[in-house]
Amino acid sequence: MRLLERMRKEWFMIGIVLAIAGAKLEPSIGMNGGPLKPEITVSYIAVATIFFNSGLSLNTEVADSRLHASACVFCGDINQGSWWKR
């Protein structure tokens, strides 16, 4: 029972060790042009995931104030742009 509890506690480290062992056994999966397509997944998907996770950890007060400020700037820009076209 202690082994199962320890594995539940250290699940992330066990996953990292398994990923490294898998990469050592079959490196062609992660090479350029391989099935994982690291030239796409690392440059686009991984970066988007990192920014998404960072956004989830923001306080709601900070996120609300930033959204309000960006909406004000966006609407003001549209309104000023339409004034000059008349």
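The figures here come from the full heavy-atom set of this structure, side chains too, leaving out hydrogens, waters and symmetry mates. When a residue number appears, it is its place in the shown sequence, counting from 1.
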Worksheet, complete the sentence: Contacts of Glu26 meeting side-chain contact (heavy atoms from CB on, under 4.5 Å) (sequence neighbours excluded), chain-then-number -> Ser28, Ile29

Per-pair distances, 0.1 Å, donor-acceptor, side chain in residues 13-25, under 3.5 Å, sequence neighbours excluded:
none

Worksheet entry | Members sharing Met31's hydrophobic cluster (side chains within less than 4.5 Å) | none

Practice prompt. Could you list who else is in Val42's hydrophobic cluster, with ILVMFWY side chains joined at under 4.5 Å, directly or through other members?
Written response: none

Discussion item. Test of understanding: with side-chain contact (heavy atoms from CB on, under 4.5 Å), list the residues that count as partners of Leu4, not counting sequence neighbours.
Written reply: Arg8

Tell me which donor-acceptor pairs under 3.5 Å the side chains of residues 32-40 have, and how far apart each pair is, sequence neighbours excluded?
from	atom 1	to	atom 2	distance (Å)
Glu39	OE1	Gly33	N	3.4

Worksheet, complete the sentence: For Phe52, the hydrophobic cluster (side chain heavy atoms closer than 4.5 Å, chained through members) also holds Leu56

Worksheet entry | Shared-cluster residues of Phe51, by chain and number - hydrophobic side chains joined below 4.5 Å | Val47

Response to the item:
Hits for side-chain contact (heavy atoms from CB on, under 4.5 Å) against Ser43, two or more places apart or cross-chain, chain-then-number order -> none

